[in-house]
2 protein chains.
Amino acid sequence: MKKKYTIADVADLAGVSKTTVSNVINNIENKFTEETKIKVLKAIEKLDFNINIGAKSLSEGKSYLIGVILPIYKDTDILQENFFLQEFLSGINRYLSTIKNKYDIIFTGVNENKFNIKNWIRKRAIDGVICFGLTSNYIYEYLEQLKIPTVIVDDLRDATNGFSRVYIADKKGGYLATKYLIENGHKDIAFINTGINLSKVEKNRFNGYIEALSEYNLNFYESNCFELKYLHYDSGVYIADKIKDLIGKQFTAAFVTSDIIAIGLINRLQELEIKIPNDFSVVGFDNISLSKYIYPKLTTIDQNIYKKGQSAAEELIKIIEYDDIKKNIEMDVSLVIRESVKNVKE
Amino acid sequence: MKKKYTIADVADLAGVSKTTVSNVINNIENKFTEETKIKVLKAIEKLDFNINIGAKSLSEGKSYLIGVILPIYKDTDILQENFFLQEFLSGINRYLSTIKNKYDIIFTGVNENKFNIKNWIRKRAIDGVICFGLTSNYIYEYLEQLKIPTVIVDDLRDATNGFSRVYIADKKGGYLATKYLIENGHKDIAFINTGINLSKVEKNRFNGYIEALSEYNLNFYESNCFELKYLHYDSGVYIADKIKDLIGKQFTAAFVTSDIIAIGLINRLQELEIKIPNDFSVVGFDNISLSKYIYPKLTTIDQNIYKKGQSAAEELIKIIEYDDIKKNIEMDVSLVIRESVKNVKE
DNA sequence: TTGAAAGCGCTAACAG
DNA sequence: CTGTTAGCGCTTTCAA
């Protein structure tokens, strides 16, 4: 097997010192002439030399690794049965590729035991971390204690006040969804959520719902609100059975604060011979990739998780490389009109 | 901020040498007494010491990083719009967690330019790589040249002969799918695929289809075979339009060699008022997570991508740690009965 | 503009 | 069983 060359080999071949090779590789200003640069570059080319990040890392005290901490949902493994985490990772990866893949991503799940996550960050000497969704407070504490560059995504709870955060315009999303339903002639609109008092995200979506209602002088009825415990498909199935007899009587449409639940709802309702959107209209929230593959295709609020990943990564790199200050970044949302809403005006 | 401690600090506190600390940490046999072990462990605990993998890595010439090379599908970014890669990553991660997360995963996409992938492997000093799906031959060449432990998943082309491979019982899957259709009374069954001459995987599924047919003395008709160009949702939509007039006349069911296409087909057919499974039955292949969320739920062949990730990782670690020899690992498949097939016997 | 030498934190010979 | 010492491949003073 071919020997793995080091900068010493390059230096020998080019007839310069290791220092100079290093300076050329890292493009340090005023440290070499054009002439030496060419010599070094030629030697690198000839030997097919590749820098060893491990060594660079040890000497610089930087790993060029960014850690992503992902939530693990009930009963599944990390990344499993999930329709958006991979989009998020993809976005991060995308941004990293725009800065020449200097950094690599490593990831872990949040339900690993406490010490694991802390140790993981330290032993890998991770340069920065991105936390997605509601992770536990003890993680935030560790992060603060470690003084490691961090970006929190989609968690606006007080415990995250000290960090840079990326989140979306949830209120606007709720507003857009509800308004669209109203403009399609719906006056009685159910609000299906996973707990407006537990999560600011949900709360904001609810506020958007309320705002649209009052803008059109529609009354808000507590009885039109349904709170679910878990954020997964089965909650949609569950709520479908619960509200099926109210459809057409108490309300003609629903704004559901997450796609996966909306999809469970739609599928179950159709099993019960309630046709979507003919008998009942629904607007979701998230625009997970799944939502355009179901029948009928789901009208929803797009939050572009992919782009969110990009922004989170960009912000993190700014903090790592330029000591950028804490920032709150709100991402815009938009309505994606597909087929799950019927116009009942005429 | 708290100083980051090194083994030298631990050694000082415990009153032993660095070597001894290292020996204890790595649990090297016959290199320390129970007594020293306790001293060292106490010191580690007290200092909240964490080993620095970067340094360990440099000195051992091992990175404890495994690289996963993922395909990138047309027009999308890595991991995007995809319903199985994350399951695969999840499986790898799962196995790695059973060996105490000694290794971390880093990943990259295959359409990055050639040099990038090679450089990436070398500069990170990756310990081993897992390739998923049909990647390019030049990658296999690099891998061979680099003599790096490698496991190839789902690619049986000649170029992969020299590597350990993980794949599934495709023929059995094709057989099971077709047999199930036949046992439900279907005699004329379309075979929708993405090219049996391009991919051994497709070829094997086709062979299973043929075997079931002949076992039940059913004729094979070339005209019942439809070959698609791309492996994605839109191909299903496309083929739906193409075969809609043959349904009920030339055939009453279809075995589709991939779920995502089967789903495109089903959705489009239902838009055309052809009811599944009442008017037409379909069995898919893959059991992607999406397939249980569509309506009707898709009957399909489960290939357990998650488990495939586990096996690939297990095999790779064996190669890395025990110089295990090249192996071919075939994973079993099974039929998952859901709602897209109608019994037309009675 | 260049180079010598020290050091990042760890492991591995080797000697005791 | 324990410790000394010499690297692993790079960056970084500091001096020339």
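Residue numbers start from 1 in every chain, and the chains themselves are labelled A, B, ... in the order their sequence lines are given, proteins ahead of strands.
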ask   = Hey, is NZ on A/Lys327 packed in by over 12 heavy atoms from elsewhere, all under 6.0 Å?
value =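 Yes, because the 6.0 Å sphere around NZ of A/Lys327 holds more than 12 heavy atoms from other groups.
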task = Answer yes or no: are there more than 12 heavy-atom neighbours, outside B/Lys39 itself, under 6.0 Å from its atom NZ?
result =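 Counting neighbours around NZ of B/Lys39, more than 12 heavy atoms of other residues, nucleotides or ligands fall under 6.0 Å, so yes.
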task = Please check if any side-chain donor atom of B/Gln86 sits under 3.5 Å from a side-chain acceptor atom of A/Gln80, or the reverse.
result =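 Side-chain D/A pair, B/Gln86 to A/Gln80: absent.
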inquiry  = Please tell me whether B/Thr19 and B/Ser22 have a donor and an acceptor in their side chains that are separated by less than 3.5 angstrom.
reply    =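 Looking only at side-chain atoms, B/Ser22 and B/Thr19 do not form any donor-acceptor pair under 3.5 Å.
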ask   = Does B/Lys31 or B/Ile53 map to a spot on DNA chain C nearer the 5' end, using the closest nucleotide for each?
value =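 The residue closer to the strand's 5' end, by nearest nucleotide, is B/Ile53.
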query = Tell me: CD1 of B/Ile28 to C1' of C/dA12, nearest whole Å?
reply =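 Those two atoms, CD1 and C1', are 9 Å apart.
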request  = May I have the distance from A/Asn23 (atom CG) to C/dT1 (atom C1'), rounded to whole angstrom?
outcome  =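 Those two atoms, CG and C1', are 10 Å apart.
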ask   = When all nucleic acid strands are considered with a 4.0 Å heavy-atom cut-off, which category describes A/Asn26: base, sugar-phosphate, or nothing?
value =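 Touches sugar-phosphate only.
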task = Take the C1' atoms of the five end pairs on each side of the helix from C/dT1-D/dA16 to C/dG16-D/dC1, get both axes, and report the angle to 10 degrees.
result =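 End-to-end axis angle for the helix from C/dT1-D/dA16 to C/dG16-D/dC1: 40°, rounded to 10°.
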query = Would you say B/Asn50's side chain and A/Lys123's backbone share a donor-acceptor pair under 3.5 angstrom?
reply =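 Flag set: sc B/Asn50 to bb A/Lys123 pair under 3.5 Å.
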inquiry  = Main chain of A/Phe163, side chain of A/Lys326: is a donor-acceptor contact present, judged purely on distance under 3.5 Å?
reply    =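 Such a contact is found between A/Lys326 side chain and A/Phe163 backbone.
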ask   = Earliest and latest nucleotide of DNA chain D, 5' to 3', sitting under 4.0 Å from a non-hydrogen atom of chain B?
value =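 Contacts span D/dC1 to D/dG9, reading 5' to 3'.
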N/O to N/O distances under 3.5 Å, protein versus nucleotides 5-9 of chain C:
unit_1, atom_1, unit_2, atom_2, d
C/dC8, O2, A/Ser59, N, 3.3
C/dG9, N2, B/Ala55, O, 3.3

message = Is the phosphate of C/dT2 approached by A/Thr36 (side-chain N or O, under 4.0 Å from OP1 or OP2)?
response =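 The answer is yes; a side-chain N or O of A/Thr36 sits under 4.0 Å from OP1 or OP2.
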